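For reference, the structure discussed in these notes is given below.
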Amino acid sequence: MKAMVMNGVGGREMLELVERPEPVAGPGQAVIEIAFAGVNFMDIGVRQGAAWTETPNPKILGVEGVGRVLAVGDGVEAVAPSQRVAWVYAPGSYAERISIPASSLVPVPDAIDDRTAASVMMQGLTASHFATDFYPVQPGDVAFVHAAAGGLGLLLTQIVKLRGGHVIGRVSSQDKVAVAGEAGADHVVVDTEGRFAEEAQRLTRGEGVHVVYDGSGPKTFQGSLDALRRSGTLCWYGPVLGGPGPLDVMRLPKSIKIGYGVFFDHVHTPELLRARSARLFDWITEGKLKVRVGGEYPLAEAAKAHADMESRRTTGKLLLVP
Ligand SMILES: NC(=O)c1ccc[n+]([C@@H]2O[C@H](COP(=O)([O-])OP(=O)(O)OC[C@H]3O[C@@H](n4cnc5c(N)ncnc54)[C@H](OP(=O)(O)O)[C@@H]3O)[C@@H](O)[C@H]2O)c1
(Lines give C-alpha, C1' and ligand atoms only; values in the text may rest on other atoms or scores of the structure.)
Protein backbone atom coordinates (compact mmCIF):
# COMPACT_ATOMS: atom_id res chain seq x y z
CA MET A 1 0.00 0.00 0.00
CA LYS A 2 0.99 3.65 -0.36
CA ALA A 3 1.92 5.63 2.74
CA MET A 4 3.40 9.06 3.49
CA VAL A 5 6.39 8.66 5.77
CA MET A 6 8.74 11.14 7.41
CA ASN A 7 12.32 10.03 6.85
CA GLY A 8 13.68 12.14 9.71
CA VAL A 9 13.06 15.25 11.79
CA GLY A 10 12.99 18.42 9.73
CA GLY A 11 11.17 20.32 7.02
CA ARG A 12 8.63 19.19 4.46
CA GLU A 13 11.42 17.66 2.35
CA MET A 14 11.44 14.85 4.97
CA LEU A 15 8.09 13.61 3.65
CA GLU A 16 8.06 10.83 1.06
CA LEU A 17 5.34 8.69 -0.51
CA VAL A 18 6.50 5.06 -0.27
CA GLU A 19 5.24 1.50 -0.61
CA ARG A 20 4.65 -0.22 2.73
CA PRO A 21 3.51 -3.81 3.56
CA GLU A 22 -0.23 -4.30 3.97
CA PRO A 23 -1.30 -3.97 7.65
CA VAL A 24 -2.76 -7.05 9.34
CA ALA A 25 -5.41 -7.22 12.05
CA GLY A 26 -3.72 -8.59 15.18
CA PRO A 27 -5.73 -9.58 18.27
CA GLY A 28 -8.01 -6.71 19.29
CA GLN A 29 -7.28 -4.77 16.09
CA ALA A 30 -9.13 -3.83 12.92
CA VAL A 31 -7.72 -3.05 9.47
CA ILE A 32 -9.36 0.00 7.88
CA GLU A 33 -9.51 1.19 4.26
CA ILE A 34 -8.92 4.92 4.79
CA ALA A 35 -11.28 7.33 2.98
CA PHE A 36 -9.85 10.57 4.44
CA ALA A 37 -6.99 11.32 6.81
CA GLY A 38 -7.09 14.51 8.85
CA VAL A 39 -4.19 16.98 8.75
CA ASN A 40 -3.38 18.46 12.16
CA PHE A 41 -0.82 20.90 13.48
CA MET A 42 0.32 17.98 15.59
CA ASP A 43 1.59 16.28 12.40
CA ILE A 44 3.80 19.31 11.72
CA GLY A 45 5.03 19.09 15.31
CA VAL A 46 5.84 15.41 14.90
CA ARG A 47 7.71 16.16 11.68
CA GLN A 48 9.67 18.87 13.49
CA GLY A 49 10.58 16.51 16.32
CA ALA A 50 8.35 18.06 19.01
CA ALA A 51 6.42 14.84 19.71
CA TRP A 52 6.21 11.10 19.06
CA THR A 53 10.02 10.83 19.02
CA GLU A 54 10.07 7.38 20.61
CA THR A 55 9.01 5.76 17.30
CA PRO A 56 12.05 5.48 14.98
CA ASN A 57 12.03 7.03 11.49
CA PRO A 58 10.98 6.45 8.82
CA LYS A 59 7.43 6.36 10.20
CA ILE A 60 4.00 6.99 8.72
CA LEU A 61 2.63 10.39 9.78
CA GLY A 62 -0.97 11.24 10.72
CA VAL A 63 -3.20 10.30 13.65
CA GLU A 64 -6.77 10.86 12.46
CA GLY A 65 -9.14 9.59 9.81
CA VAL A 66 -12.27 7.86 8.65
CA GLY A 67 -12.80 4.70 6.63
CA ARG A 68 -14.37 1.28 6.33
CA VAL A 69 -13.43 -1.84 8.30
CA LEU A 70 -11.82 -4.46 6.04
CA ALA A 71 -10.97 -7.14 8.61
CA VAL A 72 -10.94 -7.65 12.36
CA GLY A 73 -8.60 -9.65 14.57
CA ASP A 74 -9.37 -12.13 17.34
CA GLY A 75 -11.51 -10.80 20.15
CA VAL A 76 -12.94 -7.81 18.28
CA GLU A 77 -16.65 -7.37 18.87
CA ALA A 78 -17.06 -3.60 18.91
CA VAL A 79 -16.78 -3.22 15.11
CA ALA A 80 -17.39 -5.49 12.10
CA PRO A 81 -16.21 -5.64 8.46
CA SER A 82 -17.76 -3.01 6.14
CA GLN A 83 -18.69 -0.74 9.06
CA ARG A 84 -17.73 2.96 8.75
CA VAL A 85 -15.51 4.15 11.57
CA ALA A 86 -13.47 7.20 12.61
CA TRP A 87 -10.50 7.64 14.94
CA VAL A 88 -7.99 10.02 16.46
CA TYR A 89 -4.55 9.47 18.02
CA ALA A 90 -3.89 6.41 15.84
CA PRO A 91 -0.36 6.85 14.45
CA GLY A 92 0.05 5.92 10.77
CA SER A 93 -3.08 7.53 9.30
CA TYR A 94 -1.40 9.14 6.23
CA ALA A 95 -1.82 5.87 4.30
CA GLU A 96 -4.22 3.80 2.22
CA ARG A 97 -4.87 1.35 5.05
CA ILE A 98 -4.14 1.14 8.76
CA SER A 99 -4.37 -1.36 11.60
CA ILE A 100 -5.88 0.18 14.76
CA PRO A 101 -6.94 -1.14 18.19
CA ALA A 102 -10.72 -1.60 17.88
CA SER A 103 -11.12 0.24 21.20
CA SER A 104 -9.91 3.43 19.47
CA LEU A 105 -12.60 3.30 16.78
CA VAL A 106 -15.87 5.22 16.78
CA PRO A 107 -18.82 4.08 14.63
CA VAL A 108 -19.92 6.77 12.15
CA PRO A 109 -23.71 7.16 11.78
CA ASP A 110 -25.20 7.02 8.25
CA ALA A 111 -26.24 10.66 8.49
CA ILE A 112 -22.61 11.79 8.81
CA ASP A 113 -20.52 11.72 5.62
CA ASP A 114 -16.87 10.71 5.58
CA ARG A 115 -15.49 14.23 5.14
CA THR A 116 -17.44 15.52 8.10
CA ALA A 117 -16.48 12.62 10.37
CA ALA A 118 -12.79 12.97 9.48
CA SER A 119 -12.97 16.69 10.25
CA VAL A 120 -14.28 16.53 13.80
CA MET A 121 -12.31 13.85 15.57
CA MET A 122 -9.26 15.84 16.70
CA GLN A 123 -10.59 19.37 16.38
CA GLY A 124 -14.23 18.69 17.37
CA LEU A 125 -13.35 16.59 20.41
CA THR A 126 -10.80 19.20 21.44
CA ALA A 127 -13.23 22.08 20.96
CA SER A 128 -16.03 20.35 22.87
CA HIS A 129 -13.65 19.46 25.70
CA PHE A 130 -12.49 23.08 25.95
CA ALA A 131 -15.99 24.61 26.03
CA THR A 132 -17.76 21.97 28.13
CA ASP A 133 -15.11 20.58 30.55
CA PHE A 134 -12.06 22.81 30.71
CA TYR A 135 -14.09 25.98 31.03
CA PRO A 136 -17.80 25.10 30.85
CA VAL A 137 -19.14 28.17 29.08
CA GLN A 138 -22.23 29.67 30.75
CA PRO A 139 -24.92 31.75 29.04
CA GLY A 140 -23.70 35.33 28.73
CA ASP A 141 -19.99 34.49 29.10
CA VAL A 142 -17.59 36.18 26.70
CA ALA A 143 -14.98 33.85 25.17
CA PHE A 144 -11.93 34.98 23.22
CA VAL A 145 -11.03 32.44 20.51
CA HIS A 146 -7.65 32.64 18.78
CA ALA A 147 -7.22 31.43 15.16
CA ALA A 148 -11.00 31.67 14.93
CA ALA A 149 -11.15 30.71 11.24
CA GLY A 150 -9.00 27.59 11.68
CA GLY A 151 -10.46 24.11 11.95
CA LEU A 152 -10.44 24.16 15.74
CA GLY A 153 -11.46 27.81 16.07
CA LEU A 154 -14.55 27.45 13.87
CA LEU A 155 -15.83 24.46 15.87
CA LEU A 156 -14.99 26.07 19.21
CA THR A 157 -16.81 29.27 18.23
CA GLN A 158 -19.94 27.33 17.34
CA ILE A 159 -19.90 25.30 20.58
CA VAL A 160 -19.45 28.43 22.71
CA LYS A 161 -22.45 29.94 20.89
CA LEU A 162 -24.44 26.73 21.37
CA ARG A 163 -23.92 27.14 25.12
CA GLY A 164 -25.15 30.73 25.06
CA GLY A 165 -21.76 32.45 25.13
CA HIS A 166 -20.46 35.40 23.10
CA VAL A 167 -17.34 35.07 20.98
CA ILE A 168 -14.60 37.53 20.17
CA GLY A 169 -12.45 35.82 17.56
CA ARG A 170 -8.91 36.68 16.48
CA VAL A 171 -7.61 35.97 12.99
CA SER A 172 -4.37 36.95 11.24
CA SER A 173 -5.82 38.45 8.06
CA GLN A 174 -8.85 40.35 6.82
CA ASP A 175 -9.89 37.59 4.41
CA LYS A 176 -10.63 35.27 7.35
CA VAL A 177 -13.04 37.67 9.07
CA ALA A 178 -16.13 36.58 7.14
CA VAL A 179 -15.36 32.88 7.74
CA ALA A 180 -15.15 33.40 11.50
CA GLY A 181 -18.31 35.50 11.38
CA GLU A 182 -20.23 32.77 9.56
CA ALA A 183 -19.41 30.40 12.44
CA GLY A 184 -21.08 32.87 14.80
CA ALA A 185 -18.26 35.05 16.14
CA ASP A 186 -19.86 38.26 17.43
CA HIS A 187 -16.69 40.30 16.83
CA VAL A 188 -13.57 39.41 14.88
CA VAL A 189 -10.23 41.10 15.57
CA VAL A 190 -7.48 41.03 12.91
CA ASP A 191 -4.11 40.93 14.67
CA THR A 192 -0.74 39.20 14.61
CA GLU A 193 1.15 41.56 16.92
CA GLY A 194 -0.48 40.92 20.30
CA ARG A 195 -2.64 44.04 20.26
CA PHE A 196 -5.89 42.06 20.42
CA ALA A 197 -6.13 42.48 24.23
CA GLU A 198 -6.92 46.20 23.91
CA GLU A 199 -9.78 45.34 21.58
CA ALA A 200 -11.07 42.61 23.94
CA GLN A 201 -11.04 45.12 26.82
CA ARG A 202 -12.77 47.77 24.71
CA LEU A 203 -15.49 45.36 23.56
CA THR A 204 -16.15 44.27 27.17
CA ARG A 205 -16.14 47.89 28.48
CA GLY A 206 -12.93 47.32 30.39
CA GLU A 207 -14.09 44.21 32.23
CA GLY A 208 -12.24 41.62 30.14
CA VAL A 209 -13.41 38.23 28.91
CA HIS A 210 -14.36 35.17 30.97
CA VAL A 211 -12.16 32.76 29.05
CA VAL A 212 -9.42 32.84 26.42
CA TYR A 213 -8.71 29.79 24.27
CA ASP A 214 -5.16 30.22 22.99
CA GLY A 215 -3.23 27.73 20.83
CA SER A 216 -1.29 30.39 18.95
CA GLY A 217 2.16 30.15 20.52
CA PRO A 218 4.28 32.41 22.76
CA LYS A 219 3.49 35.65 20.92
CA THR A 220 -0.12 35.77 22.08
CA PHE A 221 0.38 34.60 25.68
CA GLN A 222 0.74 37.99 27.41
CA GLY A 223 -2.12 39.46 25.38
CA SER A 224 -4.33 36.56 26.38
CA LEU A 225 -3.61 37.27 30.07
CA ASP A 226 -4.34 40.97 29.51
CA ALA A 227 -7.66 40.19 27.80
CA LEU A 228 -9.03 38.29 30.84
CA ARG A 229 -11.32 39.65 33.49
CA ARG A 230 -10.77 39.04 37.21
CA SER A 231 -10.89 35.30 37.96
CA GLY A 232 -10.95 34.56 34.22
CA THR A 233 -9.59 31.35 32.71
CA LEU A 234 -6.83 30.89 30.15
CA CYS A 235 -7.09 27.61 28.30
CA TRP A 236 -3.67 27.29 26.65
CA TYR A 237 -3.29 24.50 24.15
CA GLY A 238 -0.64 25.14 21.50
CA PRO A 239 2.37 22.87 22.06
CA VAL A 240 3.51 22.91 18.43
CA LEU A 241 3.67 26.68 18.10
CA GLY A 242 5.60 26.95 21.38
CA GLY A 243 4.94 27.54 25.07
CA PRO A 244 5.21 30.75 27.10
CA GLY A 245 8.36 29.65 28.97
CA PRO A 246 8.74 29.48 32.77
CA LEU A 247 5.94 31.18 34.72
CA ASP A 248 6.17 32.80 38.14
CA VAL A 249 2.81 31.95 39.72
CA MET A 250 3.17 34.85 42.16
CA ARG A 251 3.19 37.30 39.24
CA LEU A 252 0.00 36.08 37.62
CA PRO A 253 -2.64 38.82 37.73
CA LYS A 254 -6.31 39.10 38.69
CA SER A 255 -6.75 35.64 40.34
CA ILE A 256 -6.85 34.10 36.90
CA LYS A 257 -6.58 30.36 36.29
CA ILE A 258 -4.28 28.92 33.61
CA GLY A 259 -4.14 25.37 32.32
CA TYR A 260 -2.90 23.30 29.40
CA GLY A 261 -5.95 21.75 27.75
CA VAL A 262 -5.65 18.32 26.11
CA PHE A 263 -8.91 16.56 25.32
CA PHE A 264 -7.41 13.10 25.78
CA ASP A 265 -6.92 13.78 29.51
CA HIS A 266 -10.71 13.94 29.91
CA VAL A 267 -11.81 11.65 27.07
CA HIS A 268 -9.54 8.82 28.10
CA THR A 269 -11.67 5.67 27.83
CA PRO A 270 -13.31 4.02 24.78
CA GLU A 271 -16.72 4.73 26.36
CA LEU A 272 -15.98 8.45 26.75
CA LEU A 273 -14.52 8.63 23.24
CA ARG A 274 -17.68 7.12 21.76
CA ALA A 275 -19.99 9.26 23.89
CA ARG A 276 -18.20 12.52 23.04
CA SER A 277 -18.02 11.64 19.36
CA ALA A 278 -21.72 10.71 19.34
CA ARG A 279 -22.54 14.11 20.87
CA LEU A 280 -20.62 15.85 18.07
CA PHE A 281 -22.39 13.73 15.44
CA ASP A 282 -25.75 14.60 17.05
CA TRP A 283 -25.00 18.33 16.94
CA ILE A 284 -24.08 17.99 13.27
CA THR A 285 -27.21 15.96 12.43
CA GLU A 286 -29.38 18.51 14.24
CA GLY A 287 -27.78 21.33 12.24
CA LYS A 288 -26.20 22.89 15.34
CA LEU A 289 -22.59 22.34 14.28
CA LYS A 290 -21.26 22.90 10.78
CA VAL A 291 -17.98 21.63 9.43
CA ARG A 292 -15.91 23.60 6.96
CA VAL A 293 -13.41 21.64 4.89
CA GLY A 294 -10.85 24.20 3.77
CA GLY A 295 -8.81 21.91 1.54
CA GLU A 296 -8.53 18.37 0.18
CA TYR A 297 -5.17 17.10 -1.06
CA PRO A 298 -4.10 13.79 -2.61
CA LEU A 299 -2.02 11.79 -0.14
CA ALA A 300 1.01 12.41 -2.35
CA GLU A 301 0.62 16.17 -1.68
CA ALA A 302 0.76 16.02 2.11
CA ALA A 303 3.77 18.37 2.04
CA LYS A 304 1.63 21.00 0.30
CA ALA A 305 -1.06 20.63 2.97
CA HIS A 306 1.62 21.20 5.62
CA ALA A 307 2.97 24.22 3.74
CA ASP A 308 -0.49 25.77 3.46
CA MET A 309 -1.24 25.22 7.17
CA GLU A 310 2.13 26.64 8.24
CA SER A 311 1.70 29.71 6.03
CA ARG A 312 -1.56 30.68 7.85
CA ARG A 313 -3.42 30.70 4.52
CA THR A 314 -5.93 27.98 5.40
CA THR A 315 -9.37 28.07 6.97
CA GLY A 316 -11.29 25.08 8.34
CA LYS A 317 -10.15 21.48 8.16
CA LEU A 318 -7.53 20.06 5.79
CA LEU A 319 -7.95 16.48 4.59
CA LEU A 320 -5.77 14.01 2.68
CA VAL A 321 -7.32 11.60 0.17
CA PRO A 322 -5.37 8.31 -0.11
N1 LIG B 1 -3.97 20.49 23.22
C2 LIG B 1 -4.74 19.81 22.40
O3 LIG B 1 -5.43 18.86 22.79
C4 LIG B 1 -4.77 20.22 20.96
C5 LIG B 1 -5.56 19.51 20.06
C6 LIG B 1 -5.64 19.95 18.74
C7 LIG B 1 -4.89 21.06 18.33
N8 LIG B 1 -4.07 21.68 19.24
C9 LIG B 1 -3.32 22.87 18.86
O10 LIG B 1 -4.24 23.77 18.29
C11 LIG B 1 -3.61 24.61 17.35
C12 LIG B 1 -4.42 24.56 16.07
O13 LIG B 1 -4.14 23.35 15.45
P14 LIG B 1 -5.11 22.58 14.47
O15 LIG B 1 -4.39 21.38 14.01
O16 LIG B 1 -6.42 22.39 15.16
O17 LIG B 1 -5.26 23.53 13.22
P18 LIG B 1 -6.21 24.77 12.93
O19 LIG B 1 -7.18 24.99 14.03
O20 LIG B 1 -6.73 24.67 11.57
O21 LIG B 1 -5.13 25.92 13.07
C22 LIG B 1 -4.64 26.61 12.01
C23 LIG B 1 -4.60 28.06 12.47
O24 LIG B 1 -3.44 28.27 13.26
C25 LIG B 1 -3.00 29.58 13.06
N26 LIG B 1 -1.55 29.53 12.77
C27 LIG B 1 -0.94 28.88 11.78
N28 LIG B 1 0.38 29.10 11.81
C29 LIG B 1 0.60 29.91 12.83
C30 LIG B 1 1.75 30.50 13.38
N31 LIG B 1 2.96 30.28 12.84
N32 LIG B 1 1.63 31.28 14.45
C33 LIG B 1 0.41 31.50 15.00
N34 LIG B 1 -0.74 30.97 14.51
C35 LIG B 1 -0.63 30.19 13.45
C36 LIG B 1 -3.74 30.15 11.88
O37 LIG B 1 -4.70 31.10 12.34
P38 LIG B 1 -4.40 32.67 12.21
O39 LIG B 1 -3.44 32.83 11.08
O40 LIG B 1 -5.72 33.27 11.92
O41 LIG B 1 -3.84 33.06 13.54
C42 LIG B 1 -4.51 28.95 11.31
O43 LIG B 1 -5.80 29.31 10.88
C44 LIG B 1 -2.17 24.12 17.25
O45 LIG B 1 -1.37 24.91 18.11
C46 LIG B 1 -2.26 22.70 17.79
O47 LIG B 1 -1.03 22.28 18.36
C48 LIG B 1 -4.01 21.28 20.55
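Atoms within a ligand are numbered from 1 in the order they appear, just like the ligands themselves. Quick note: numbers below take in every heavy atom, side chains included, and nothing from hydrogens, waters or symmetry partners. The shown structure was predicted, so the numbers you read here are calculated from the model rather than taken from an experiment.
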Exercise for review: Classify the angle between the aromatic ring planes of His266 and His129 as parallel (below 30°), tilted (30 to 60°) or perpendicular (above 60°).
Suggested key: tilted

Review point. Is any side-chain N of the basic residue among Arg47 and Asp43 closer than 4.0 Å to the acidic one's carboxylate O?
Key: no

**Study point:** Check ion pair Arg229-Glu207 (N to O, under 4.0 angstrom)
**Key:** yes

Review point. So, do Phe196 and Phe144 have ring centers that fall under 6.0 Å from each other?
Key: yes

Review point. So does Arg195 pair up with Glu193, basic N to acidic O under 4.0 Å?
Key: no

**Study point:** Residues Lys161 and Asp186 bridged, charged N to O under 4.0 Å
**Key:** yes

Go ahead and list the nitrogen or oxygen contacts between ligand 1 and the protein that come in under 3.5 Å, distances to 0.1 Å, or just say none.
residue  : atom   : partner : partner atom : Å
ligand 1 : 1 (N)  : Tyr237  : O            : 3.4
ligand 1 : 1 (N)  : Gly261  : O            : 2.7
ligand 1 : 15 (O) : Phe41   : N            : 2.7
ligand 1 : 16 (O) : Gln123  : NE2          : 2.9
ligand 1 : 17 (O) : Gln123  : NE2          : 3.4
ligand 1 : 19 (O) : Gly151  : N            : 3.3
ligand 1 : 19 (O) : Leu152  : N            : 3.0
ligand 1 : 20 (O) : Gly151  : N            : 2.9
ligand 1 : 34 (N) : Arg312  : NH2          : 3.3
ligand 1 : 39 (O) : Ser172  : OG           : 2.5
ligand 1 : 39 (O) : Lys176  : NZ           : 2.9
ligand 1 : 39 (O) : Arg312  : NE           : 2.8
ligand 1 : 40 (O) : Ser172  : N            : 3.0
ligand 1 : 40 (O) : Ser172  : OG           : 3.4
ligand 1 : 40 (O) : Lys176  : NZ           : 3.2
ligand 1 : 41 (O) : Arg170  : NH1          : 3.2
ligand 1 : 41 (O) : Arg170  : NH2          : 3.1
ligand 1 : 41 (O) : Arg312  : NH2          : 2.8
ligand 1 : 45 (O) : Gly215  : O            : 2.9

